[in-house]
There are 2 protein chains.
Amino acid sequence: MTVMETSPGPAAAERHYTISEVAEATGLSAHTLRWYERIGLMPHVDRSGAGQRRYRDRDLRWLTFLGKLRTTGMPVADMVRYAELVREGDATFAERQRLLEETRRDVRARVAELQDTLAVLDHKIGSYAVARREAAYGADVASGS
Amino acid sequence: MTVMETSPGPAAAERHYTISEVAEATGLSAHTLRWYERIGLMPHVDRSGAGQRRYRDRDLRWLTFLGKLRTTGMPVADMVRYAELVREGDATFAERQRLLEETRRDVRARVAELQDTLAVLDHKIGSYAVARREAAYGADVASGS
DNA sequence: TAGGGCCTTCGAGTGCGCTCGAAGCAAGGG
DNA sequence: CCCTTGCTTCGAGCGCACTCGAAGGCCCTA
């Protein structure tokens with residue numbers, strides 16, 4: 001070992017957030033946040049002396065990341081799997097990488113699909129515009145312009 | 001009226017498809033195809049003398065289009081709305097155009113979201129690759145290279 | 001001492017988009 | 001003649017991701 005950069009030192013007490021603050025910030029309900037924990041989506045959240053949740057910045061970041069995964073359409077079960085791997089530590093790097101790469105493939109495919117659809121929409125919207133412009137001439141022979 | 005290109009003439013009897021063929025082709029089940037019809041997603045499908053569905057090419061094209069809409073995540077109710085407008089004829093061009101433009105906005109937003117996520121995935125996958133490469137040096141002081 | 005915010009457990013409900021099954025019947029082909 | 005394919009109607013079931021409510025309890029602060 002060459003350097004010693006572990007343990008952040010006794011410095012600045014890190015900010016923390018109550019469940020309702022996090023709900024506010026993420027758009028998830030308190031109910032859902034507890035549910036996430038129950039099903040194993042959260043890598044352990046601190047508690048106050050009284051047993052209330054005290055979310056840290058890393059928790060918020062994790063939730064944000066989960067949000068990203070959700071927007072990919074990844075099933076919750078898979079997110080749980082990933083969260084498990086994270087809890088298991090560095091030994092699971094390879095597996096996690098594999099998982100994310102798979103997800104990335106899916107997302108790319110999905111993007112391609114959507115772009116395809118965009119092309120169709122563009123086309124159809126174009127046709128409507130044309131049709132309406134023609135209709136504007138009325139049923140008669142067109143005048144100039 | 002200048003040209004006369006309406007009515008396809010008494011030529012070639014158009015190909016048609018049974019429900020199971022369409023199911024095969026689209027990946028939808030026969031059950032679902034009938035359901036689409038029931039809820040008003042299909043603009044009338046022909047029947048044989050015996051009352052069996054005879055899908056035409058335009059029906060297949062319509063189903064393909066519906067598939068596109070589905071991949072956008074558009075709720076079925078909205079697709080039904082669009083189908084209604086189509087049935088109502090040319091008078092609804094403006095409304096249909098509006099609907100598709102709205103959808104296009106949504107799809108574009110979704111694509112942006114996904115590309116955002118892709119960036120995150122790329123980043124994370126990159127980190128894993130780096131971490132593993134470093135781990136490969138073992139716990140000791142690194143040799144050369 | 002009252003109120004608010006949070007805790008737990010439990011279990012039911014919701015919305016969506018199918019999905020399936022059953023019953024009973026008709027047409028068409030080998 | 002039978003088998004396959006399809007038809008109808010009806011209604012229940014499913015998987016997912018929440019979502020909600022109730023009951024009963026703890027701590028803090030105004």
Side-chain angles (χ1 to χ4, degrees), chain A residues 16-42 44-56 59-60 62-84 103 106 110 113 117, chain B residues 16-42 44-56 59-60 62-84 103 106 110 113 117:
Chain A
H16 60 254
Y17 313 84
T18 67
I19 198 168
S20 57
E21 285 166 340
V22 175
E24 170 76 11
T26 60
L28 300 167
S29 71
H31 259 308
T32 300
L33 285 168
R34 292 194 201 99
W35 180 67
Y36 271 20
E37 228 173 299
R38 264 202 322 277
I39 65 175
L41 263 186
M42 295 295 300
H44 187 265
V45 177
D46 283 359
R47 298 301 181 110
S48 72
Q52 298 191 200
R53 286 171 183 78
R54 292 294 175 252
Y55 292 86
R56 307 281 163 170
D59 298 318
L60 290 193
W62 175 252
L63 283 168
T64 304
F65 177 58
L66 287 185
K68 298 279 178 205
L69 291 188
R70 261 196 326 158
T71 75
T72 69
M74 178 187 279
V76 166
D78 292 7
M79 292 196 247
V80 170
R81 172 83 186 120
Y82 185 79
E84 263 166 17
T103 302
D106 293 352
R110 181 126 194 76
E113 226 177 31
T117 300
Chain B
H16 59 254
Y17 313 85
T18 67
I19 198 168
S20 58
E21 283 166 342
V22 176
E24 170 76 12
T26 60
L28 300 167
S29 71
H31 258 308
T32 300
L33 286 169
R34 293 194 201 100
W35 180 66
Y36 272 19
E37 228 175 299
R38 265 204 320 278
I39 66 175
L41 263 187
M42 294 296 299
H44 187 265
V45 177
D46 284 359
R47 299 300 180 110
S48 72
Q52 297 192 202
R53 288 170 182 80
R54 292 292 176 251
Y55 291 85
R56 306 280 163 172
D59 298 318
L60 290 193
W62 176 250
L63 283 168
T64 304
F65 178 59
L66 286 185
K68 298 277 178 207
L69 291 187
R70 259 193 330 155
T71 75
T72 70
M74 180 188 278
V76 167
D78 293 7
M79 292 195 246
V80 170
R81 172 84 186 118
Y82 185 79
E84 263 167 16
T103 302
D106 293 353
R110 181 124 195 76
E113 227 177 29
T117 300

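Proteins get letters first, then strands, A, B, ... in listed order; numbering begins at 1 in each. A quick note: this is a predicted structure, and the numbers were derived from the prediction, not measured.
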*Looking for any heavy atom pair under 4.0 Å, which part of the strands does A:Arg70 touch: base, sugar-phosphate only, or nothing?*
sugar-phosphate
*asked:* Within the 4.0 Å heavy-atom criterion, would you say B:Arg47 contacts the bases, only the backbone, or no part of the nucleic acid?
replied: sugar-phosphate
_Student check: side-chain heavy atoms of B:Tyr36 and B:Val76 closer than 4.5 Å_ = no
*Please work out if B:Ser48 contacts a base, only the sugar-phosphate, or nothing of the nucleic acid, heavy-atom cut-off 4.0 Å.*
nothing
*asked:* Need to verify one output field. Residue with the more 5' nearest nucleotide on DNA chain C, B:Ala50 or B:Ala77?
replied: B:Ala77
*Presence of A:Tyr36 side-chain N/O under 4.0 Å of D:dC18 phosphate oxygens OP1/OP2*: yes
*Of the nucleotides C:dG17, C:dC7, D:dG6, which has the atom closest to the B:Pro75 side chain?*
C:dG17
*Please state how far atom CD1 in A:Ile19 lies from atom P in D:dC27, giving the value in whole angstrom units.*
18 Å
*Testing B:Arg53, B:Arg54, B:Arg56 for side-chain hydrogen bond (donor to acceptor under 3.5 Å, both in side chains) with B:Asp46, which one passes?*
B:Arg56
*DNA chain C: A:His31 or B:Gly73, which has the more 5' nearest nucleotide?*
A:His31
*Taking CH2 from B:Trp35 and P from C:dG21, how many angstroms apart are they, rounded to a whole number?*
18 Å
*With respect to the side chain of B:Ser20, which nucleotide from D:dG6, D:dG21, C:dC6 is positioned closest?*
D:dG6
*Nearest whole angstrom, please: distance from the C1' of D:dT5 to the NE2 of B:His16.*
14 Å
_Counting the atoms with a prime plus P, OP1 and OP2 as sugar-phosphate, which does B:Thr32 contact under 4.0 Å by heavy atoms, base, sugar-phosphate, or nothing?_
sugar-phosphate
*Between B:Arg54 (CZ) and D:dT5 (P), how many Å, whole number?*
13 Å
*In whole angstrom, what separates B:Leu41's CG from C:dC16's P?*
14 Å
*Whole angstrom value for the distance that separates C1' of D:dG11 from CZ of B:Arg34*: 16 Å
*Tell me: CZ of A:Arg38 to P of D:dT19, nearest whole Å?*
13 Å
*Measure the shortest side-chain to side-chain distance between B:Leu33 and B:Val22 over non-hydrogen atoms and say whether it is less than 4.5 angstrom.*
yes
*Whole-Å distance separating the CD atom of A:Gln52 from the C1' atom of D:dG25*: 13 Å
*Is the shortest side-chain N to carboxylate O distance from A:Glu37 to A:Arg34 below 4.0 Å?*
no
*Verify the contact: side-chain N or O of A:Arg53 to OP1 or OP2 of C:dT8, cut-off strictly under 4.0 Å; return yes or no.*
yes
*Touch check for B:Thr18, heavy atoms < 4.0 angstrom, all strands: base, sugar-phosphate only, or nothing?*
sugar-phosphate
